[in-house]
Amino acid sequence: MEVLEKLTQKRYDLILMDVEMPVMNGILATRRVRSGNCGINSPEIPIIAMTAL
């Protein structure tokens, strides 16, 4: 949830996304970023997904 809020406040070049997060998983967060509703950041922003399986 925090990443979506931060994306509306500042422009970023890259997102490092954890796939396993407690409130909203990385897949859902990525879908929200890609929807284009993240303020000043482009929905094409590179996202690198990681996990510690």
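- The closest side-chain heavy-atom distance from Glu5 to Gln9 is below 4.5 Å.
- Qualifying side chain to side chain donor-acceptor pair (under 3.5 Å) partners for Glu44, counting only residues two or more places apart in sequence or in other chains: Ser42.
- With rounding to the nearest 0.5 Å, the separation of CD in Glu2 from CG in Leu7 is 10.5 Å.
- Looking at heavy atoms from C-beta onward, Glu20 lies out of side-chain contact with Asn25 at the 4.5 angstrom threshold.
- Of all heavy-atom pairs spanning Ala49 and Val19, the tightest one is CB-CG2, 3.8 Å.
- Arg34 pairs by the side-chain contact (heavy atoms from CB on, under 4.5 Å) definition with Thr30, Ile45, Ile47, not counting sequence neighbours.
- Side-chain atoms of Asn41 come within 3.5 Å of backbone atoms of Tyr12 as a donor-acceptor pair (strictly under, hydrogens ignored).
- In this view, Met24 and Met1, Leu4, Leu28, Ala29, Arg32 satisfy the side-chain contact (heavy atoms from CB on, under 4.5 Å) rule, not counting sequence neighbours.
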Item checked: side-chain contact (heavy atoms from CB on, under 4.5 Å) between Asp18 and Met50, intermediate numbers included -> CA-CA 5 Å; Asp18 187 353; Met50 300 181 290; 5.7 Å; no
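- When hydrophobic clusters are built by joining Ile, Leu, Val, Met, Phe, Trp and Tyr residues whose side-chain heavy atoms come closer than 4.5 Å, directly or via intermediates, Met17 is grouped together with Val23.
- Partners of Ile40 according to the side-chain contact (heavy atoms from CB on, under 4.5 Å) rule, which considers only residues two or more places apart in sequence or in another chain, are Arg11.
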